[in-house]
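Have a look at the structure below, then the notes.
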Number of protein chains: 2
Amino acid sequence: MKTRIKVLLVDDHQIIRDGLSNMLSEAGDIEVCEGAADITKALEIIRKVDPDVVITDLSMPGKSGIELIRRIQEKHPGVHVLVLSMYVTEDYIFNSLKAGAKGYLPKQDTTKAELLKAIRTVARGEEFFSPAVAQVISKLYSHSVKSTTTPEAIARKASLTSRETEILRLYTEGLSNMEIADRLSISIRTVETHKNNIMQKYNFKSTVDMVKFAIRNNLGEA
Amino acid sequence: MKTRIKVLLVDDHQIIRDGLSNMLSEAGDIEVCEGAADITKALEIIRKVDPDVVITDLSMPGKSGIELIRRIQEKHPGVHVLVLSMYVTEDYIFNSLKAGAKGYLPKQDTTKAELLKAIRTVARGEEFFSPAVAQVISKLYSHSVKSTTTPEAIARKASLTSRETEILRLYTEGLSNMEIADRLSISIRTVETHKNNIMQKYNFKSTVDMVKFAIRNNLGEA
DNA sequence: ATTAAAACTAAGTGATTTACGTAGGGATGT
DNA sequence: ACATCCCTACGTAAATCACTTAGTTTTAAT
C-alpha cells in the first residue's frame, strides 16, 4: 500500500478551492492539504507539507501562476504542477510548459474523472493534457517551425516584454491602472510607465486601439 | 426585519452545488435549502419548502432546465428563477426568458458579488442579466422588432438608442470623447452622458468592456 | 568575471480626460 | 395633458496622460 497523493490547491477563488477539495477528498488515494490563494502562501505550504502535486490556477492576485510554477521548479523540483485554468490560449499553455508544468486542464470542461486521472498521472512524474490543450500544443509546435522563416512577425510580437504583455492582457480584461497595480502589487506609476512603453512601441493613439490590437493578436479574450 | 431569502440550488454537479451553497451561506440574508440534481427532485423540494429563488443550471440529465422553469411558472408563479448556465447562447437565453426566468448568469465569469446581487434582485421580482447576457438579448430583439411572445421591457432595457449606437461605434474606432464630440458637433458633456448611459444599460465596468462588447456585436471592426 | 544592455521599478508635475450625479427641453404616444 | 424617452449639457471630483528622470535587477555577451 503506497501512501496517498498529497495535493495542494492554489486558486484565488474560495469556492473553487472548497469545491475541488470536497471532490478530491472523496477519492481514497488523495489527500488534500490546506489551500492557498496566492503564491506566497502556496510556497509557504509547500515548504511545510511537501505535497506531491500542486494544482494551480494561473490568474491570481499578485504574481501570476506562471511565476509560482517557476519557483516550484527551482526550489522543489520533486513537486509536480498541474495547471487548472479557465484559459486555453497558446500563451498561457506555452508559458506554463516552459515554466515546468506537468499538466494543463481547462476549468471549463474537465470532469472529476479526468481531474483524478490527471492528478495520478502527474504524481508519477508523467505529463497530462486534455484533448483541447493537446491540440493547442501541437499547433504551437507547427507554428514555431513556420515562424523561423518570418522574422518580421516574431520581431513585432517579441518587441513587448513579458511584463508588458501581462499588463496588456489585464487592460483587455477591463482593469484600470489602479486595479492592475493592485493585482500585480506594483505602483500605479509603474503600470503607467509600462503602458506608455507599449503605446510608444506600437504607436497606438488610444487605449482602445491597444485593446483592439491585443484582441486581434489573441493576447486577450473576446 | 424581513425574512431571509430562501434559495434552492439545482445543478447536476455535486461540487458546484456544494461550492455555491458554501458561498451563499456566508451572506446573512440568504438561506440555502437542500439542493437538487434533477427536475423531479427540484419540484419536490419546491413543494416542500416554497423557496423565494431557484438557481438552476440548464444542462441536466433527463429533461432540460427549461422544462423546470416552465413547470415552476405553472404551479409556483411566486418562485423566481435565476439561470446559472455555462452557455451564453441565443437559444438557451431566449428559451429561458420565454419559459419565465427572471435572470440569467453565465457560470464562466459571474462573481460572488454579482450572484448575490442577482439573487436579491430577482427575489424582489425584478430582472437581472449579466452584461454578456444582455448583449445577446439585445441582439435577439433587434432582429425581431415586434415579438408578441416575448417581454418587451427586456428588449428596451437592453437596447441602445440610435445616438448611443452611433457613439459606441465611434468609440470602437479609438476616438476620445473630445473627438467624438467634434465629429458629431455636440458638447463633450453630451458624449460623456451618452457613454454613461450605455455603460449603465449593460453594466459595463470599464470602457474596455464596452468596446469589447461592441466588437463582439459587430458594431465596430475588430 | 566583468560589463553593457535591457527590463522592471518608481516618482514629479502640469495638462487633459473621464466618471458620475443632476437637469432642462423637445418629441411621442396614450 | 401627462408620462416617458431621448438628446442635450454642466460641475465637481477623480483618473489618466505625457514626458522626464532614475535606481535596481536580470540577462547576454565578451
Side-chain angles (χ1 to χ4, degrees), chain A residues 39 62-64 66-67 70-71 73-74 95 98-99 154-211, chain B residues 131 138 141-142 145-146 151-211 213-214:
Chain A
I39 292 188
K63 297 260 184 176
S64 108
I66 302 284
E67 180 62 23
R70 211 168 279 134
R71 299 236 194 126
Q73 289 310 304
E74 270 178 35
N95 284 310
K98 202 171 143 196
I154 299 170
R156 271 189 81 81
K157 267 185 186 171
S159 67
L160 285 186
T161 68
S162 65
R163 196 55 152 175
E164 285 165 353
T165 306
E166 186 177 14
I167 285 173
L168 177 50
R169 196 176 295 114
L170 293 176
Y171 275 113
T172 71
E173 286 177 22
L175 302 195
S176 67
N177 290 343
M178 184 59 150
E179 288 170 327
I180 293 173
D182 282 349
R183 184 80 75 90
L184 300 179
S185 301
I186 56 179
S187 160
I188 189 172
R189 321 314 296 284
T190 306
V191 176
E192 287 172 357
T193 301
H194 282 304
K195 186 186 183 184
N196 269 341
N197 291 336
I198 296 169
M199 302 275 285
Q200 283 204 343
K201 280 183 180 178
Y202 288 99
N203 276 97
F204 294 134
K205 71 180 204 300
S206 71
T207 306
V208 169
D209 278 344
M210 185 179 74
V211 169
Chain B
S138 80
Y141 284 81
S142 64
V145 180
K146 300 202 173 171
E152 305 194 353
I154 302 168
R156 223 177 300 121
K157 201 164 155 188
S159 75
L160 299 179
T161 69
S162 62
R163 195 58 153 173
E164 284 165 354
T165 305
E166 187 178 13
I167 286 173
L168 177 50
R169 201 172 286 123
L170 293 176
Y171 274 114
T172 69
E173 287 176 23
L175 302 194
S176 66
N177 289 344
M178 181 69 132
E179 289 169 326
I180 293 174
D182 283 349
R183 184 80 72 91
L184 300 178
S185 300
I186 55 179
S187 161
I188 187 173
R189 312 309 203 130
T190 307
V191 175
E192 287 168 359
T193 302
H194 282 305
K195 182 188 183 184
N196 213 298
N197 291 335
I198 296 169
M199 303 271 289
Q200 285 206 338
K201 280 186 181 177
Y202 288 101
N203 280 98
F204 293 135
K205 71 180 207 303
S206 71
T207 306
V208 170
D209 278 344
M210 184 180 75
V211 169
F213 158 80

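On a predicted model such as this, the values are computed, not experimentally measured, just so you know. Below, read A as the first sequence line, B as the second, and so on, with proteins coming before strands; counting in each chain starts at 1.
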Would you compute the distance between atom NE2 of B:H194 and atom CD1 of B:I186 and round it to the nearest 0.5 angstrom?
5.0 Å
Value for OG1 (A:T190) from CG (A:N177), rounded to nearest 0.5 Å, stands at 11.0 Å
Side chains of A:L170 and A:V191: does their closest heavy-atom pair fall under 4.5 Å?
no
Where protein sits on nucleotides 8-21 of chain D, one letter per nucleotide: B base, S sugar-phosphate only, - none, heavy atoms under 4.0 Å:
BBBBB---SS-B--
Under the 3.5 angstrom rule, does the side chain of B:E179 hit a backbone N or O of B:S176 as a donor-acceptor pair?
yes
Can A:R189 and A:E192 be counted as an ion pair, charged N to O under 4.0 angstrom?
yes
